Chemist: 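Here's a structure for you.
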Amino acid sequence: VQLQASGGGLVQAGGSLRLSCEASGRTFSNYVVGWFRQAPGKEREFVARCTWNCGNTLYRDSVQGRFTVSRDNAKNTMFLQMNSLKPEDTAVYYCATSLVLSSRPESYDSWGQGTQVTVSS
């Protein structure tokens with residue numbers, strides 16, 4: 001699966017952004033989709049993931065209630081709606097796919113190129 005992420009940008013604290021990630025290649029609906037982020041000097045960390053229809057979702061604690069992961073299998077696209085953004089959400093965000101239900105980066109075998117999200121205070 002090839003992934004292309006978009007939607008990042010600069011936003012003030014409290015604002016919103018919607019990230020998109022378009023997939024091509026193999027059957028998108030077969031895959032768990034995940035979002036990760038990496039801030040400068042820090043390791044890549046799990047943000048959210050959902051199963052083939054997002055009937056089973058998981059979020060890191062710090063984004064629970066503010067971020068929503070979703071997908072449109074007919075359009076081979078997944079999304080991350082980010083509301084009430086905080087400066088500590090600033091990072092490069094990556095989309096990824098996996099054949100297993102996991103929040104570990106090493107379980108994901110296809111990655112998008114990353115999109116920068118910057119939240120100003």
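Just so it is clear, the structure is predicted and the values come from calculations on it, not from any experiment.
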Chemist: Just so I know, are the side chains of Leu80 and Arg37 near enough to count as touching, which here means a heavy-atom distance under 4.5 Å?
Modeler: no

Chemist: What distance do Ser20 atom OG and Arg71 atom CZ have between them, rounded to the nearest 0.5 Å?
Modeler: 14.0 Å

Chemist: Are the aromatic ring centres of Phe36 and Tyr108 under 6.0 angstrom apart?
Modeler: yes

Chemist: Between Thr97 and Asp109, is any pair of side-chain heavy atoms under 4.5 Å apart?
Modeler: yes

Chemist: Under a 4.5 Å cut-off applied to non-hydrogen side-chain atoms, are Phe28 and Val33 in contact?
Modeler: yes

Chemist: For the atom pair CD (Gln4) and OG1 (Thr77), what is the distance rounded to the nearest 0.5 Å?
Modeler: 11.0 Å

Chemist: Side chains of Ser16 and Asn83: does their closest heavy-atom pair fall under 4.5 Å?
Modeler: yes

Chemist: Given Asn56 and Arg49, is the side chain to side chain donor-acceptor pair (under 3.5 Å) satisfied, shown in steps?
Modeler: CA-CA 8 Å; Asn56 181 333; Arg49 59 103 171 121; 3.0 Å; yes

Chemist: Nearest 0.5 angstrom please: Gln12 CD to Ser121 OG, how far?
Modeler: 9.5 Å

Chemist: Do the non-hydrogen side-chain atoms of Arg66 and Asp89 ever get within less than 4.5 Å of each other?
Modeler: yes

Chemist: What is the distance from atom OG of Ser98 to atom CD of Glu106, rounded to the nearest 0.5 Å?
Modeler: 10.0 Å

Chemist: Can you tell me how far the CG atom of Asp72 sits from the OG atom of Ser29, to the nearest 0.5 Å?
Modeler: 11.5 Å

Chemist: For residues Arg44 and Val92, determine if any side-chain heavy atom of one lies less than 4.5 Å from a side-chain heavy atom of the other.
Modeler: no

Chemist: State the CZ-CH2 distance between Phe67 and Trp35, to the nearest 0.5 angstrom.
Modeler: 11.0 Å

Chemist: Just by distance, no angles: are the side chains of Ser62 and Arg60 close enough, under 3.5 Å, to form a donor-acceptor pair?
Modeler: yes

Chemist: Just by distance, with hydrogens left out, do Gln116 and Thr118 show a side-chain donor and acceptor under 3.5 Å apart?
Modeler: yes

